[in-house]
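One structure is given here, and the rest of the page talks about it.
The sequence lines fix the lettering, A, B, ..., with proteins before strands; numbering per chain opens at 1.
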2 protein chains.
Amino acid sequence: MISEPTRSRRERPAKPALTREGIVAASVDLVRSEGLKRVTMRRLAEALDTAPASLYVYVRNTAELHAAVLDELLGEVDLTPVHTTGEWQDRLADVLRSYMRVLFTHPGLAASALVARPSGPNYLSLVEALLELLAEGDVPDGQASWGIDLLLLTATANAAEHAVPRSEEDWDALTVALRAATPDTYPRIAALGEDLLSGPPPARLSWGLRMLINGIANTPRP
Amino acid sequence: MISEPTRSRRERPAKPALTREGIVAASVDLVRSEGLKRVTMRRLAEALDTAPASLYVYVRNTAELHAAVLDELLGEVDLTPVHTTGEWQDRLADVLRSYMRVLFTHPGLAASALVARPSGPNYLSLVEALLELLAEGDVPDGQASWGIDLLLLTATANAAEHAVPRSEEDWDALTVALRAATPDTYPRIAALGEDLLSGPPPARLSWGLRMLINGIANTPRP
DNA sequence: ACCTGAACACCGTTCAAGT
DNA sequence: ACCTGAACACCGTTCAAGT
């Protein structure tokens, strides 16, 4: 009995040709459904019904792939605060919080963002939005230029740190260590005590963002 | 012919008993000789002449192992600026630069420091040193408490970003993207132009640290 | 030019079984 | 209690060979 290639080709649609766009799109699907940890060359090849080696025609390595995924996901950042009313500092903080939320929902993405920083259109739009808000606040150009980098870096690092859920034991380790600090060996730690760990995380974050914005706005360049 | 276990035991010294300290010490040797990428359970077991599974009696997982290595390496941070003369801000920046140098010389360590933050004695000494300098500058306790976290976080993220040597192409990708930004779509990026990428890295870093210290010192807590 | 199979050189972690 | 061998379930990347 002869097989029916035509029919079976119609049942499962013909394998689409590989393109960089297709690979990135499949990667984004994968990060949404299974997390960044599963966006591997082998898993991705499986999803695209091809061999891992085939992907290397379009993507240099795994790091570049992850950077492309991030570029894509940055489209989810809410930039509307740029054109609303209210204090420019608050709106700047809102954009950064939205950026952090995107990183936050895909564990591992923030860490990869630190190593392979994106340069796609969505990243540029984010930079542009932040620069416009700094300009609205009359922050000098030189300080805005150098500050934007640190603003994004700190937001990314903050997200990286909180994205991986700290296990109870890990957290306890630091808490215990800080509480055990005796005044004779660690006088300042002992003096500040609980305050080092205190405060609701959102309040700490808001203070942190405001602190950065203040620093950028008020520190003249040499 | 019968083998000579006694003699061969003397030629190669008896396998030392496994301890957590021994495992961490071997890990530190390994990170120095082969880099953090090679500090794996399997490679480490090989170095200790044991089976990978044996290590799990003393170490929960690879992340915990890497955190222990960092704890240990933080002993190299130069804390002497705490007790020298000069502006407290400059001495604070010096300590942070020394911290970054440690992270810098062991690629990958900074990234791991973001995920599994250390809590060992060397980390506490670093925190204590920074707090003492902030106290010398009469920074209010509440701001010091919340600021210290962000100070270390930003320094770590900065090191993580620069530890992995940016390939020429990656760097070009961002440069090209920024230069290609047209005034109609990205007006602020176009207006700032080269300045976004300009300046010698040490000058940018010094400004960044000073900016953070200013922010912490001058942003009141709610 | 693109795609594949196969291989090389690795990983983390678990678990039954031994001492 | 500690250690081991073996297994399970994966990785990234390269390369000769095919189309």
Side-chain angles (χ1 to χ4, degrees), chain A residues 5 9 12-27 30-31 33-70 107-109 111-112 115-116 164-165 167 169-170, chain B residues 5 9 12-27 30-31 33-70 107-109 111-112 115-116 164-165 167 169-170:
Chain A
R9 233 186 255 131
R12 295 204 175 202
K15 206 166 82 172
L18 282 179
T19 61
R20 196 179 207 275
E21 292 75 42
I23 289 170
V24 172
S27 302
L30 212 48
V31 79
S33 60
E34 308 187 22
L36 190 72
K37 224 177 56 185
R38 299 277 288 158
V39 182
T40 67
M41 291 302 202
R42 292 182 112 108
R43 183 71 192 73
L44 184 56
E46 198 194 317
L48 288 165
D49 193 22
T50 187
S54 306
L55 303 175
Y56 285 83
V57 177
Y58 306 95
V59 170
R60 215 188 325 269
N61 51 41
T62 308
E64 198 200 277
L65 183 66
H66 287 183
V69 169
L70 178 59
L109 204 60
S112 111
V115 177
V164 179
S167 77
E169 294 111 71
D170 283 358
Chain B
R9 234 186 253 131
R12 294 203 176 205
K15 206 165 82 173
L18 283 179
T19 60
R20 196 180 207 273
E21 291 74 43
I23 290 171
V24 172
S27 302
L30 211 48
V31 79
S33 60
E34 307 187 21
L36 190 73
K37 223 177 57 185
R38 298 280 287 158
V39 182
T40 67
M41 291 303 201
R42 294 182 111 108
R43 182 72 190 75
L44 184 56
E46 199 194 317
L48 288 165
D49 193 23
T50 186
S54 307
L55 303 174
Y56 285 84
V57 177
Y58 306 95
V59 170
R60 215 189 324 268
N61 51 43
T62 308
E64 198 199 278
L65 182 66
H66 286 184
V69 169
L70 178 59
L109 204 61
S112 111
V115 177
V164 179
S167 77
E169 295 110 70
D170 283 358

*Shortest non-hydrogen separation from A45(A) to P52(A) and the atoms involved*: CB-N, 3.5 Å

*Kindly give the heavy-atom pair with the smallest separation between S27(A) and V69(A), and that separation in Å.*
CB-CG2, 3.5 Å

*In whole angstrom, what separates Y58(B)'s OH from dT4(D)'s P?*
10 Å

*Return yes if some donor-acceptor pair links the side-chain N/O of Y58(B) with the main-chain N/O of L18(B) below 3.5 Å, else return no.*
yes

_Less than 4.0 angstrom from a charged side-chain N to a carboxylate O is my criterion; do R38(A) and E46(A) meet it?_
no

*Taking all non-hydrogen atoms of both residues into account, name the closest pair between L55(A) and T50(A) and its distance.*
CD2-CG2, 4.3 Å

*Determine the interatomic distance between C1' on dC2(D) and the same-named atom on dA16(C); round to the nearest Å.*
15 Å

*State, to 0.1 Å, how close N61(B) and Y56(B) come at their nearest heavy-atom pair, and which atoms those are.*
CA-CE2, 4.5 Å

*Check M41(B) against L65(B) and note the closest heavy-atom contact, atom names and distance.*
SD-CD2, 4.4 Å

*Is the phosphate of dC3(D), meaning OP1 or OP2, less than 4.0 Å from a side-chain N or O of T50(B)?*
no

Table of protein N/O atoms under 3.5 Å from nucleotides 11-13 of chain D N/O atoms:
residue	atom	partner	partner atom	Å
dC11(D)	OP1	T40(A)	OG1	3.3
dC11(D)	N4	R42(A)	NH1	3.4
dG12(D)	OP1	M41(A)	N	3.2
dG12(D)	OP2	M41(A)	N	3.3
dG12(D)	OP2	R42(A)	N	3.4
dG12(D)	N7	R42(A)	NH1	2.6
dG12(D)	O6	R42(A)	NH1	2.6
dT13(D)	OP2	Y56(A)	OH	3.0
dT13(D)	OP2	T62(A)	N	3.3
dT13(D)	OP2	T62(A)	OG1	3.3
dT13(D)	O5'	Y56(A)	OH	3.4

_Are I23(A) and L44(A) packed together at the side-chain level, in the sense that at least one heavy-atom pair is separated by less than 4.5 angstrom?_
yes

*Would you tell me if any nitrogen or oxygen in the side chain of S54(A) comes within less than 4.0 Å of OP1 or OP2 on dT4(C)?*
yes

*Do any N or O atoms from the side chain of H66(B) and from the backbone of G108(B) form a donor-acceptor pair under 3.5 angstrom?*
no

*Look up atom CG in L109(A) and atom CG in L36(A), then write down how far apart they are to the nearest 0.5 Å.*
5.5 Å

*asked:* Without decimals, in angstroms, what is the distance between E46(A) CD and dT4(C) P?
replied: 14 Å

*P atom, dC10(D) versus dC8(C): distance in rounded Å?*
22 Å

For nucleotides 17-19 of chain D, list the nitrogen or oxygen atoms of the protein found under 3.5 Å from its nitrogen or oxygen atoms, one pair per line.
none

*Please name the pair of heavy atoms, one in L48(B) and one in G22(B), separated by the smallest distance, quoted to 0.1 Å.*
CD2-O, 4.4 Å

_Once pairs are restricted to Watson-Crick or G-U wobble with both distances under 3.5 Å, how does DNA chain C read as a dot-bracket string, [ ] for crossings and | for other-strand pairs?_
||.|||||...|||||.||

